[in-house]
Structures are given as structure tokens and as C-alpha cells.
Amino acid sequence: MNVLNFIQSFFSDGSHWHGYDGIPQRVWEHLQYTAGALAIAAAVGLPIGLVTGHTGRGGNALAFVSAGARALPTFGLLVLMFVWLGLGIVPVMIPLVVLAVPPILITTYEAIRTLDPSPVDAARGMGMPEAKVLFQVEVPAALPLILSGLRSAAIQIVSTATIAAYVSLGGVGRYILDGLYQRNYEKVVGGAALTAILALLVLVLFWAIARVAVSPGVRRRRTV
Amino acid sequence: MIAIEDVSKRYADGTVAVDRLSLQIPNHSITVLVGPSGCGKTTTLRMINRMIEPSSGTIRVNGEDILRKPVNALRQSMGYVIQNAGLFQHRTILDNIATVPRLLGWSKQRARARAAELMERVGLDPAMARRYPYQLSGGQQQRVGVARALAADPPILLMDEPFSAVDPVVRRGLQEELLRIQGELGKAIVFVTHDMDEAITIGDRVAVLRTGGKLAQFAAPDELLSAPADAFVEEFLGGDRGIRGLSFLSTRDLALDRSRVFPVGSDWQQLAGESAGAGPVLVTDADAKPLGWADLTVWAGDVQALEPHGQAFEVGKDSLRVALDRAVLSPTGQAVAVDGAGRVLGLAGQETVAAAIRAARQRRAADSEGVSTVKAAR
Amino acid sequence: MNGFFDIPSDLQSSYLGLISTHMQEALVPVLVGLLLALPIGLLCVRVNWIYPPVLWITTVLYAIPSIAFFVVLIDYTGLSKTTVMIPLTLYSLVVLVPAVVDGVRSVPEETNAAAAAMGIGSLRRYLQVQLPIAVPAIMAGLRVATASSISLVSVGSLIGNQGALGNLLTTAMLYHRPLLAVNSVVTTAVLAVLVDAVLVLLRRVLTPWQPASGRKAARRTSTIAGAARTPESVS
């Protein structure tokens, strides 16, 4: 009855390691959903967050939109999209993107907006074009926060992408739902453990990105 | 030359930040804008590089209306230094300084070489080149700010309260450094401060602005101190403007008293009997360097027993303010005057200084129309 | 006609009944989460080294899908509301503990020093000085936690109709009645927006000391003689 026993027997069962329902296949599917949704959400959230943060305009509209997006129930949206659009990847992507955009959008906006204004003032004063002010001065300094927004969005997607299984798609959610229907707790717990491991991988990945992308001048200052 | 002509800045809510200001800011000199909070001095400065657009009036740089130049090109042609330096925390010191040359399209190598040269110029250790701003003290960061502003060798330097956030000792050093650099480079510097002492220390000319953005007085520091235009300027100058004004009067024409300075080895017993030995005398060594004060009625010739002479002032270099200060601090009421090599030229008592002040006043009254250009006295 | 508000009888509840169940299942966990987050937050602020491991644990917990939690809990608490509410409480904690810690840490050092110098004890300092100043951060956390809680209750429908408004979703799939799914999504979203609005109002009431326009004035205001800047930088 122990959760750890379940995890152990799940992972030591050889049949879980190959085939279309094997762990590598399910994890690969899960990673695809996650990367796809995160990429779309970033493509929407980052530019809008950067521009609004840079100009300082539209903050209220932004808060409004993201509060609205947060209010949309992810699971409900999935079912609704499935009922409307039928089987496919799109009904899964839409709720995941809706889920991931608010944290990316708001964090990016706040990261830029709350920067120390004096380097920005200095950059303008020395005649730096606006695009360079944004990308050479503001973004490098705001990068740790921007990355944290992306990271929290990624973790939420990893966890929520399990619901894709409910509309007959794959991913590690498959184990959880199949386990639920088959009353097979070992599968449920195994699927949950896989999700947690993927989340940890996301943490490690973002830590590595931050190591490489964030200037030591910014990094040190934040930890002090 | 920067010509500010009839410039006003009004905001939508009706606030007037600058009210019909006209100023001629000459090349190769430091012009200070000073005044209390809300006097529009920063607004005026920021209108020169178009960080703020005037509501009316024109600003010309060497005859050309600044509106006719692309705004970023205009800003790249002016150095800009702000209060907390505004360094880019993600860039090394060297790359911070190289920013504007890079913007101007210089190669990375050339920009960095130039940056290294400037670090030296502003007195920064070359070992700091690869460090990040957080690793520097406030004063060092401000030096980097100045170096960054100078990097593309702009003819104009705009400085917005650059030294306000550092402690007084460091600020003093930065001011001296700025004067030294200005002596070498001769830029047109516009310097905003709320600190009148700073304005007088570094300004060739000082524009005092009053709340509401009106010009109260535009004059050289000594003129400001000796003849404030109105009660507002007088108030803003503070209570000791008389004393501070002495900073601008030279000690060159002081009537020094040479009669009571004697080298070691003099016939002290004989001197004690003469009138010259009646008061305290200054004993010097063989090179005419001061050793200390002696009261000949009790002193027996022992150099160790001399009373310390305190600090001397250098004739021609130090101002009357320094001379007076030394006289006040001296145990005998006499300041020791020396030349550049530290050799005693004579003594100046408080009355001697007072006489020099009176003479200077009379001279000023005689050519009251003439603009004073005394600057060497500092 | 299978109408918008035509709730199938097998759900054994009226529309309003579903709403009230949904609110209960969503808000009770947030409240419990807040009550737990306050002492945990205090502990994390006091004992500095606890916070990073707490953050890691909560992040991993957050990553575990709610449905997995539900299934594991069925054995202990059955097919009940409690089974839904326990995981939601944990998720609330994940959002609220960092909110409390960051909020308390954002209290200026001078304020803490002044309070200590006045001889205010550390528990009273936490309750009367630090927490009130942390209210904006905590309220921001509460908004995120409630929105996510209201959204997640629906997943409870997968374990035998414990998802309140979410039960409409499974029913919509079962009888193929898309309108019921629309009803579920719209009602849930409206509830979330209304609760969010209440929280925003609550923050205004609790923080009369904050300027109405937020902290917006701090940045990029043109220098009208430095009126909006910090005291030491006025022109």
C-alpha cells in the first residue's frame, strides 16, 4: 500500500519500457505537448510583455486579460474544445496555451517595468535606439525574472498536459487515466512520479539556461 | 556654445517646470544649474539632449537648432552622466564605457582600447576592466559613469546631480577629478546640482534657478557671492557667503610681515632685547622652512621646545579664505606664508588679511562693470 | 431541447447547487492553505535555510497532476469532496507560502529595525508590522491560488462526479451535449472573475496606504522636477 512500493514496481516492470505504451514513448509525447504549448505561449506572451513593460502602457489591459485567462478552467476548456473540434492535438494545445500565457505575460511585463530606471535613462541619454534599449539594457537585466515566468509556465504545462489523455491522446497522463479506469494504482502513481520527474527536469533545464544566458553582473546582484 | 532661448516647459496638468529661460552656455567651461527642488534645473538639462521636449522656445548648439538633428545622433554627440551612474549591471566596466563608441559603429577592439584609455583618465585601476558594476563602490561607479560619457569624445557633457549619492569625502575627490579632467579636455559641461557649495566649487558660471523654473541669477561664483541679485539668491547661498567669497581673492598682494622670521642660529639673546623680539617669532631652518614659534623671553634655543607652527598657506596659490583660516587657527594669530617650495615668505595676521579684503573690495568697486575672472585663486 | 441550464437529473443537483458546491470545494482549500501558509511563511523567514528546500518540495508537489492525487486519496477519504479539497489545499500552499515569504521579505530593513528598536516583540512584529506590509503580495498570491483552485475543482468530475460544475463536462461528453460544456466553462470563468474582483476590492480595503494607481508612478515619469522620484534624487 506504500506509494514508494508502487513507484518501484511500476518502474521495475519490464513491460512498461517498450512499445507504443512504453515509458520512453509516453515521455516523448509529453515533452512534445509541453514544448509545443510553451513555445506558442512564449510567442504570444513574451513580445506583448516586453513591449508593454518597455512602454509602460497597457498594464491595466494586460492585468485584465491575464486575470480573464486565469479564470478559464483548463479542464473545462479541454472538454469544450474536444466536443467542438473533435480528436486531435489542437483541442489539447488551446487550454495549455491559455494556461501558460498569463504567467509569462505578467512576469515579463513586471520584470521590465520594475527595473531600476537609471540605466534605461542613461541608455536613452547616450542616444541608444529604443530597440537597443529594450534588448541590450532592459532584457539582460530582467532575464532572471523573465526566465522564472517561463519556468513556472513550463511546470504548469508539464503537470496539466496529463489531461491530454482524457481526450484519447498520449503523454504520461495516459498511465494516470488508464490506472484510474483499471483501478490500477501502480500505474497512477507511476504516471504521477513521471510527471514529477519531468518537472524536476524542467527546473534543471531552466537553471542551466540561466547559468548560460544571465550575465554574471546580473546574477550576482540578485543573490546578494 | 549651447544657446537656450526663451525656453519654457509646461505640462498638461498646468505645472510650469521651466519658465521662459534664456541662457548662453559657453564652450570650454563648466556651467552649473543650481536651485531648490522643483526649480526645473534637471528639466532644463534634459531638454538639451531632448530627453524632454520644450513646450516653446529653441535650443541651439553651435548655432544649429537641436530639433534639426536626429534625436539619437544628437544624444550620441553629448555625454550624459546621472546620479546613480546608471551603469549596465550585465556588462563589464570596460563594455559599459565602450557603449557609445559601439553605437557609433566602432569596432569592438577599437571601442575597448578607447575604454581602457578612459579608465586611466578618470583614475580607475585597469584591473577593474573585467569587473561588473556591483563589485565597485559608489564613487568608482560614478567614475565609470563619467568615463562612459566621455568615451566618444563628445564636445558637450551633461551631468545631472552626478555626485549627489556619494559621501562628502568621495564627492570632494570626484569634484577635483572633474576639474582636472576638464583642465585637460576643455568640454562644454552643464552640471546640475542642488548643492550651492558644489556649484561654487566647480562652476565657471552658475545659474541659480528659483521654484517655478525662473532664472534668478547667472554669474561667476565670486560675483554671486559678493553681489547676490536678490533675497532668494542670498538665502540660497547661505549665511557665510562673505567668508566663502574670500575663496576667489588671491593672496598674491598680501602685505607680508618679514620682520619676525629668523633662521636657527640667530643671536637669540640679542634679539630678545630688541623690539622685533617682543612678540612671538617664527624660527626657520637653514632652508627657510618653518620650524615653530618661539617666545624669546623664555625660549632658550632648543628646537624641540618650539611651539608647532601649524599649516602654512602658499602665496599666489591659496586664497584669502585659506590665509584667514590659517591665521585664525594659528596660536599666535599669524598665518605662515610660504612659496611653492615651502620656504617662508613672511607672516600674515588677521588684520593683514582684513586689509587685503578691503583693498579687493575697493578694486572691485572701481571696475564694478568688469566681469571678474579670478579663477587662479582656487 | 437540451437547453443551457437543463441539468441532467443524474447529477442530483440544481444549477445553483452545483455553483455552491463548486465554491465550497474551491474556496475552503484556499482558506485552509492561507491559514497554514502564514506560520510556514514565518518559519521560512525566520529560519533562512528552510526556504529553498520548501520551495523545491512545493514545486514538485505542484507538478503532480491533481487527478493522480485524487486517485491515491480515494483509498483514504473515499469518493468525497474531501478527496478533492486536500490536493487543492496543497496547491494553494504552493502559491501562498512563497507569496507570504516574498511579501515579508519585501518589508524594508529600516521598518524592521524601527519596529525592533521600539521594542515590538518578534511575533507581534510579524503580525502587526510585516504581515500588513506583505498584504499586497499575499493578495496577489491569493488571486492566483483561487483562480487555479476554481479551475481545478472541475477535474474532480473524473472521480465519480466530485467536480461540481465540472460534472457538467463529463455529462456533456457522455450525452454529447456541447452546451453543457459551454455552461460549465462559462459559469466557472464567471465565478473566477467575480471572486477575483472581490479579492481586488479586499486588497484596496486592506491597504489604504497604497496609492490608488499602484506603484506605477515609480517609473518613466518624465522629470517634472523630479516630483515622482525618490527624495534623494529630486532635481
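Order of the sequence lines fixes the chain letters, A, B, ..., with proteins taken first and strands second; residue numbering starts at 1 for each chain.
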Item to check | Heavy atoms from other residues, nucleotides or ligands near CZ of Arg57(A) exceed 12 (cutoff 6.0 Å) | outcome: no
Checklist outcome for this item: Against chain A, residues from residues 78-87 of chain C with at least one heavy atom under 4.5 Å, in numeric order, are none
Item to check | Minimum-distance pair of heavy atoms, taken over all atoms of Ala192(A) and Pro65(C) | outcome: CA-CD, 4.4 Å
Item to check | Residue part contacting chain C, namely of Leu198(A), when any heavy atom lies under 4.5 Å | outcome: neither
Checklist entry - How close do Ala196(A) and Val60(C) get, heavy atom to heavy atom, and via which atoms? => result CB-CG1, 3.8 Å
Next on the checklist: Run the salt bridge (charged side-chain N to carboxylate O under 4.0 Å, His left out) test against Arg143(C) and tell me which residues pass, sequence neighbours left out.
Outcome noted: Asp196(C)
Next on the checklist: Asp75(C) vs Tyr185(A), test: side-chain contact (heavy atoms from CB on, under 4.5 Å). Steps then yes/no.
Outcome noted: CA-CA 10 Å; Asp75(C) 267 12; Tyr185(A) 288 175; 3.1 Å; yes
Checklist entry - For atom CZ of Phe64(A), is the number of surrounding heavy atoms from other residues, nucleotides or ligands below 6.0 Å larger than 12? => result no
Item to check | Thr74(A) versus chain C, the contacting section by heavy-atom distance below 4.5 Å | outcome: both
Next on the checklist: Working note: Ser157(C) + Phe75(A), criterion side-chain contact (heavy atoms from CB on, under 4.5 Å); need CA distance, chi angles, decisive distance, verdict.
Outcome noted: CA-CA 10 Å; Ser157(C) 62; Phe75(A) 181 59; 3.5 Å; yes
Checklist entry - Can you name the closest pair of heavy atoms from Ser154(C) and Pro73(A) and give their distance? => result OG-CB, 4.5 Å
Item to check | Proximal component of Val189(A), with respect to chain C [non-hydrogen, under 4.5 Å] | outcome: side chain
Checklist entry - What part of Ile159(C) gets closer than 4.5 Å to chain A, counting heavy atoms only: side chain, backbone, both or neither? => result side chain
Next on the checklist: Could you go through Ile176(A) and Phe70(C), starting from their C-alpha distance and side-chain angles, then the distance that decides it, and tell me whether this counts as side-chain contact (heavy atoms from CB on, under 4.5 Å)?
Outcome noted: CA-CA 10 Å; Ile176(A) 298 174; Phe70(C) 295 160; over 6 Å; no
Next on the checklist: Heavy-atom pairs under 4.5 Å with chain A - which of Leu61(C), Val155(C), Val193(C), Leu152(C) has more of them than the others?
Outcome noted: Val155(C)
Checklist entry - With chain A, which of Ala192(C), Ala68(C), Ser148(C) has the greatest number of heavy-atom pairs at distances under 4.5 Å? => result Ala68(C)
Checklist outcome for this item: For Ile67(C) and Leu180(A), the nearest pair of non-hydrogen atoms, with its separation, is CD1-CD2, 4.0 Å
Checklist entry - Taking it one step at a time, do Leu169(C) and Phe82(A) satisfy side-chain contact (heavy atoms from CB on, under 4.5 Å)? => result CA-CA 11 Å; Leu169(C) 298 167; Phe82(A) 178 69; over 6 Å; no
Next on the checklist: Is any side-chain heavy atom of Thr195(A) closer than 4.5 Å to one of Ile64(C)?
Outcome noted: no
Next on the checklist: Please classify the contact of Leu72(A) with chain C as side chain, backbone, both or neither, using a heavy-atom distance under 4.5 Å.
Outcome noted: both
Checklist outcome for this item: So, the part of Ile157(A) with a heavy atom under 4.5 Å from chain C: the answer is neither
